[in-house]
Each structure stands twice: as structure tokens, then as C-alpha cells.
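Read the numbers this way: they start at 1 and go in the same order the structure lists the ligands and their atoms.
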Amino acid sequence: MRLEQTHLDELEHRGFVIVEGFLTNDEVERARSVMFEIFPTPEQYFAGPENWPEFECSQFSGIRLPSYGWDLDRLAFHPNLVDAAERFLGSDDLELYKVELWAKYSGAVDYDQPLHRDFGNHTLVVPRSDGVGRQLTSFTLLSDVTEADGPTKLVPLKYSRHIPLGVELAAGVWPNSLAPGELADVEVPVVGPAGTMLLYRTDVFHRGTNFTEPNRSRFALLADYQARGPTWMGKVAWPNQATKPGWAAMIEQASLRERDLFGFPRVGDPYWDDETLAGVQRRYPNLDLDPYRP
Ligand SMILES: O=C(O)CCC(=O)C(=O)O
């Protein structure tokens with residue numbers, strides 16, 4: 001679904017927007033079949049949680065970085081997500097600065113988090129209040145999420161604008177300066193069917209929450225965007241992922257524009273010469289390099 005201007009206005013003023021039906025059912029089903037090659041299905045997991053001790057290490061141990069497989073990879077640069085990022089960030093020169101696939105299973109670990117703002121580990125400084133040079137973070141739900149499924153909870157900006165940016169970080173407390181329970185009465189849970197999109201600003205207080213029933217699970221793909229340029233913002237260094245299985249296949253299948261989102265050298269960049277073309281072709285044997293030839 002292409003986002004309406006009203007969605008982007010809500011993102012701007014409330015600090016987040018929850019969009020049901022962002023993905024088609026077919027897109028969800030294809031992504032889930034790739035995902036369950038990576039993670040156990042709920043049925044597999046709950047048949048023997050002791051077989052999957054890796055999910056018990058920490059609440060973040062269910063996070064996998066790309067590449068996953070095309071039908072899942074493509075959700076990180078879904079045309080309607082890129083379109084929303086372009087419109088919200090006011091630029092078509094975008095950088096996809098983080099992608100994570102996150103599986104959570106009830107009972108594996110304590111998933112509760114304090115309220116925090118994501119800019120703490122997405123920038124070296126603080127976001128500008130006029131929005132210049134800002135970032136956009138997203139969760140695409142890949143399972144149905146109810147109140148029992150550990151939904152993300154967010155605080156509309158109007159309840160937190162009075163809390164100066166950076167106080168929690170200056171105090172050296174990650175990631176929260178709010179007392180437990182503070183603002184709990186105004187938290188909004190991100191519930192919805194698989195295929196729902198959450199977009200939020202990095203200056204919005206939010207938190208992960210615990211499952212409240214057994215045998216529940218939650219799966220989501222997180223993809224974050226910023227306009228290319230500032231050296232003080234980001235999260236994942238793509239070259240550090242580029243030797244992973246599936247990476248070459250993803251880059252080969254991606255369009256010129258999609259490769260650009262990862263920072264791949266552009267058409268016309270002086271990087272390209274006969275030697276680099278030959279080397280890149282060896283590294284990505286199925287990549288059509290013709291557009292890059294000087
Ligand atoms: O998983 C979630 O629902 C939120 C996680 C989160 O906010 C974080 O880890 O920073």
C-alpha cells in the first residue's frame with residue numbers, strides 16, 4: 001500500500017503511524033516462507049524450546065542481519081517503504097542504514113524494555129527539532145500481533161516533548177531516564193495482522209514488551225532510512241555483511257536503485273574502470289555490470 005499524506009502527517013505530529021495492510025497477503029506469505037528457513041516456526045519452537053537455547057541468551061538474540069532470501073530481503077526496500085522514506089525525509093538520495101529480522105518467542109527471555117528513544121544508538125548526537133537530517137525507523141510485522149504478543153508500545157510525542165533530548169544519554173543510563181511506569185497510561189500498542197507497518201521517529205519514546213500468554217511469538221523486519229550525507233548517523237556497516245551467504249544473490253537481483261540504498265558505487269562513479277569491473281564481476285558473477293561501464 002502506498003502511504004497517504006495523512007499517514008505521513010501522523011508520523012510527523014504524533015511521532016509514529018501504524019498502517020494495517022501495508023503488505024499484501026501474498027507478500028506476507030512469501031516472506032514468511034523464507035523466514036521459517038531461518039527461524040523455527042512457533043509450532044517447532046514450542047514443541048521443544050530446549051532445542052533452541054540461542055533465543056534464551058538475551059532479548060536481542062533473535063535478531064538476524066540480512067541477507068535472508070529475496071522475498072524477505074525485498075521488504076527492507078519495498079517500493080512503498082522507500083517512497084514513504086523519500087517523502088518523510090525530503091530526499092531521494094537515501095541510505096538504508098539498518099535491517100534486522102527479529103524473532104521473539106514467549107518464555108525464552110524477558111523482552112520487557114524501559115521507554116527509550118532510538119536516536120541513542122542511531123546517531124552520535126541528537127536529532128534536530130526541525131527535522132532536518134532526521135531518520136526514519138520501521139517495523140514490518142510478519143506475524144499477527146495482539147496485546148498478548150509483546151507488541152511494541154509507543155508514546156505519542158505530545159506527552160514527551162517536554163523531556164529534553166539527550167538527558168537519558170547524558171545520565172549514562174541506557175536507554176531510559178523515565179521512572180518505570182511513567183507515561184504507561186498513554187502508551188499505544190502496535191497491534192495488527194501480519195503485513196502491518198509501523199513507522200516512527202527516533203525521538204519517540206517506545207519500548208519492547210513481554211508476552212502475556214504462553215506459546216506466543218512475534219516476528220518483524222526492521223528497516224531504517226536516512227538521507228545520505230551526515231557522518232554522525234547510522235547503525236550497520238554493509239561491507240561487514242557482504243561475505244554472508246545470500247548477499248551476492250541479493251545484490252545481483254536488486255535494481256540499480258536498490259543497490260544504491262546500500263551504498264553500492266553508482267553509475268558514473270569514477271570508481272568504475274576496467275579493473276574494478278572485472279573484479280566486481282568475479283565477486284558477483286550474475287550481476288549485469290553493463291550500466292556501470294564508463
Ligand atoms: O521489539 C520491540 O517491540 C521494540 C524494540 C526496541 O524498541 C529496541 O530494541 O530498541
Side-chain angles (χ1 to χ4, degrees), residues 11 14-20 22 35 38-39 42 54-65 75-76 97-123 126-127 134-157 159-160 163 165-166 168-169 173-178 180 182-184 186-213 216-226 233-236:
L11 171 61
R14 199 181 190 205
F16 62 92
V17 62
I18 302 164
V19 186
E20 249 188 67
F22 181 81
M35 184 170 74
I38 299 166
F39 292 128
E54 62 267 37
F55 295 105
E56 295 168 15
C57 302
S58 95
Q59 57 172 270
F60 304 109
S61 55
I63 293 180
R64 303 285 179 276
L65 297 178
L75 300 189
Y97 74 88
K98 184 195 83 179
V99 182
E100 293 172 348
L101 179 68
W102 200 345
K104 296 183 178 183
Y105 301 91
S106 62
V109 71
D110 180 2
Y111 292 105
D112 207 36
Q113 293 182 340
L115 281 171
H116 61 280
R117 302 186 273 205
D118 273 352
F119 74 83
N121 57 359
H122 293 227
T123 174
V126 300
R134 63 184 165 191
Q135 297 167 303
L136 175 66
T137 55
S138 76
F139 274 59
T140 304
L141 301 185
L142 292 174
S143 55
D144 297 344
V145 178
T146 68
E147 283 272 9
D149 297 311
T152 313
K153 292 190 175 172
L154 300 102
V155 174
L157 272 177
Y159 299 110
S160 68
I163 304 171
L165 294 171
E168 66 272 42
L169 304 162
V173 182
W174 187 90
N176 175 36
S177 64
L178 304 188
E182 198 178 339
L183 298 180
V186 292
E187 287 177 339
V188 177
V190 182
V191 294
T196 295
M197 169 65 78
L198 162 69
L199 297 175
Y200 64 103
R201 299 169 36 152
T202 58
D203 54 355
V204 162
F205 277 102
H206 66 285
R207 65 191 186 93
T209 68
N210 254 330
F211 296 92
T212 54
E213 290 177 15
R216 315 293 295 209
S217 51
R218 197 203 71 178
F219 302 90
L221 184 89
L222 289 58
D224 299 349
Y225 281 89
Q226 61 194 22
M233 305 195 307
K235 198 153 185 207
V236 175

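- Taking CZ of Phe119 as the reference point, atom CG of Asp203 lies at 8.0 Å (rounded to 0.5 Å).
- Neither the backbone nor the side chain of Arg117 comes within 4.0 Å of ligand 1, counting heavy atoms alone.
- When heavy-atom distances to ligand 1 are checked against a 4.0 Å cut-off, Trp102 comes that close only through its side chain, counted from C-beta outward.
- Looking at ligand 1, you'll find an N or O of Gln113 within less than 3.5 Å of one of its N or O atoms.
- Close contacts of ligand 1 with Phe60, meaning ligand atoms under 4.0 Å from a residue heavy atom, involve 9 (O).
- Under a 4.0 angstrom heavy-atom cut-off, Lys104 registers as being in contact with ligand 1.
- Using a 4.0 Å cut-off between charged nitrogen and carboxylate oxygen, Asp149 and Lys104 do not count as a salt-bridge pair.
- Heavy-atom minimum distance, Asp144 versus Pro193: OD1-CA, 3.4 Å.
- When non-hydrogen atoms are compared, ligand 1 lies under 4.0 Å from neither the backbone nor the side chain of Thr209.
- The closest approach between Tyr111 and ligand 1 stays at or above 4.0 Å for every heavy atom of the residue.
- Summarising the geometry of Leu115 relative to Glu182, their closest heavy-atom pair is CD1-O, 3.5 Å, with the distance given to 0.1 Å.
- When each atom of ligand 1 is checked for a heavy atom of Gly208 under 4.0 Å away, the hits are 2 (C), 3 (O), 4 (C).
- Between the side chains of Ser143 and Arg216, no donor N or O sits under 3.5 Å from an acceptor N or O.
- Polar contact with ligand 1: absent for Tyr200 (N/O pair, distance under 3.5 Å).
- In this structure, Phe219 has its ring center under 6.0 Å from that of Tyr105.
- Every atom of ligand 1 with a heavy atom of Asp118 under 4.0 Å away is listed here by number and element: 10 (O).
- Shown in contact with His116 at under 4.0 Å from a heavy atom are these atoms of ligand 1, numbered in order with element: 6 (C), 7 (O), 8 (C), 10 (O).
- Heavy atoms of Gln59 stay at 4.0 angstrom or farther from ligand 1.
- Two residues are said to be in side-chain contact when any heavy atoms from C-beta on lie closer than 4.5 Å; Gln135 and Asp224 fail this criterion.
- Note that NE2 of His206 is 3.5 Å distant from NE2 of His116, once rounded to the nearest 0.5 Å.
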